[in-house]
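First comes the structure, then the notes that go with it.
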Amino acid sequence: MNIIKLSATDSTNSYLKTRARTENLPNGTVVRAETQLKGRGQGTTSWVSQPGKNLAFSLYWKTSGLEASRQFDLSMSVSLAVRTVLSDLEIPEVSVKWPNDILSGSKKVCGILIENILSGPFVKYSIIGIGLNVNQDDFEDLPRAASLKMQTGKELDRDAVFMKLIREILRNLERFPQSEKDRSDLREEYESMLFARGVVSDFEDAAGNRFQGSIEGISSRGELVVNSKGLKRIFQFKEVTLLY
Ligand code: BTN
């Protein structure tokens, strides 16, 4: 396993992205940092984490023949790996909030940022970034965030959790489904883990309009399918927010 440990970097995703552009990195290269100076989240958000308390790492993964239109399949596979590890660690009520926040109860304990580099209609390689809140004791300005320690009352060995995560993510990526049937099994498994699925909830669309609906599932392109008053509404990332 090729694991690079850094005491500090701007962002492990940015670090790997830069190296992947100029070098022939071994597939599965992982970079882990104790401190990120400019940790990045989904879209334009940032990812802030107390140094020495949590996990921040990224994995370089070369895919073969994954259509760009199906890139969310990779994301589902990674979310499910994280969820498996957290459930094995007996973290309570683990679920996945679309597209790829990992929750314990209603608190976000892990964020995933996957950046796919495309070549024509295919994904050439992916930078899979994971930020897991492990032993941090409070998140002052983030009422919806928590760490594993806050959810269980127990401090965890970060190195052990890191190795479990890497192994499980690689295991899922190595058996990444090639056939349509296996892909729909993956989607079903992901859907079964979805936070608020089938529960009438409040949403806000990109125009700021609020509406009620319940999550039905995920389209083959990774869009969120919401049933609102009998109508099927389909949303891409950032087009809708679940209010909870
Ligand atoms: C999110 O929830 O918005 C995604 C957060 C992803 C954070 C991780 S920490 C390791 C990797 N490097 C980054 O800059 N971001 C990801």
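Counting starts at 1 for both ligands and their atoms, following the listed order. Hydrogens, waters and symmetry mates are skipped; everything else that's a heavy atom, side chains included, is used.
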message = For D141, is the CG atom crowded, meaning more than 12 foreign heavy atoms sit under 6.0 Å from it?
response = no
task = List the closest protein heavy-atom neighbour of atom 3 (O) of ligand 1: residue, atom name, distance to the nearest 0.1 Å.
result = Q42 N, 2.7 Å
Considering only distance and modelled atom types, tabulate donor-acceptor pairs under 3.5 Å from the side chains of residues 78-97, sequence neighbours left out.
from: S79; atom 1: OG; to: S75; atom 2: O; distance (Å): 3.1
from: T84; atom 1: OG1; to: L80; atom 2: O; distance (Å): 2.8
from: S87; atom 1: OG; to: R83; atom 2: O; distance (Å): 3.1

task = Run the numbers for me: atoms of ligand 1, each under 4.0 Å from some heavy atom of S58, listed by number.
result = 11 (C)
request  = Please work out which of Q36, E115, R40 has its closest non-hydrogen atom nearest to atom 12 (N) of ligand 1.
outcome  = Q36
remark   = Note: ligand 1 atoms sitting under 4.0 Å from heavy atoms of G39 are 14 (O)
request  = Please identify which atoms of ligand 1 are closer than 4.0 Å to at least one heavy atom of G41.
outcome  = 1 (C), 3 (O), 4 (C), 5 (C)
ask   = When you measure from atom 2 (O) of ligand 1 to every protein heavy atom, which one gives the shortest distance, and what is it?
value = K108 NZ, 2.5 Å
ask   = Which part of N100 is near ligand 1, with near meaning a heavy atom under 4.0 Å away: side chain, backbone, both or neither?
value = neither
ask   = Salt bridge check: are R40 and E115 linked by an N-O gap of less than 4.0 Å?
value = yes
query = Which residue owns the protein heavy atom closest to atom 11 (C) of ligand 1, what's the atom, and how far is it?
reply = T12 OG1, 3.3 Å
task = Tell me, with the steps shown, if L16 and L25 meet side-chain contact (heavy atoms from CB on, under 4.5 Å).
result = CA-CA 9 Å; L16 261 187; L25 287 175; 3.8 Å; yes
remark   = ligand 1 atoms nearer than 4.0 angstrom to some heavy atom of D101 are 2 (O)
ask   = Of the backbone atoms (N, CA, C, O) and the side-chain heavy atoms from C-beta on, which set of S14 has a member under 4.0 Å from an atom of ligand 1: side chain, backbone, both, or neither?
value = neither
request  = With heavy atoms of F57 as the reference, note each atom of ligand 1 found under 4.0 Å away.
outcome  = 10 (C)
request  = Please round to the nearest 0.5 Å and tell me the distance separating atom OG of S126 and atom CG of L66.
outcome  = 7.0 Å
ask   = Hey, which atoms in ligand 1 end up nearer than 4.0 Å to a heavy atom of S11?
value = 12 (N), 13 (C), 14 (O)
task = Starting from atom 5 (C) of ligand 1, locate the nearest protein heavy atom and write down its residue, its atom name and how far away it is, to 0.1 Å.
result = W47 CE3, 3.4 Å
inquiry  = Please determine whether the number of non-hydrogen atoms from other residues, nucleotides or ligands lying under 6.0 Å from atom NZ of K38 exceeds 12.
reply    = no
key: Interfacing atoms of ligand 1 (cut-off 4.0 Å, heavy-atom, I112)   = 4 (C)
task = May I ask you to establish whether R221 and F72 are in a cation-pi arrangement, using a distance under 6.0 Å from NZ or CZ to the six-membered ring centre and at most 45° from the ring axis?
result = no
ask   = Applying ring pair (Phe, Tyr, Trp, His ring centres under 6.0 Å), which residue pairs with at least one partner in residues 202-236 are found, sequence neighbours left out?
value = F203-F211, F211-F235
query = Do Y15 and Y60 have ring centres separated by under 6.0 Å?
reply = no
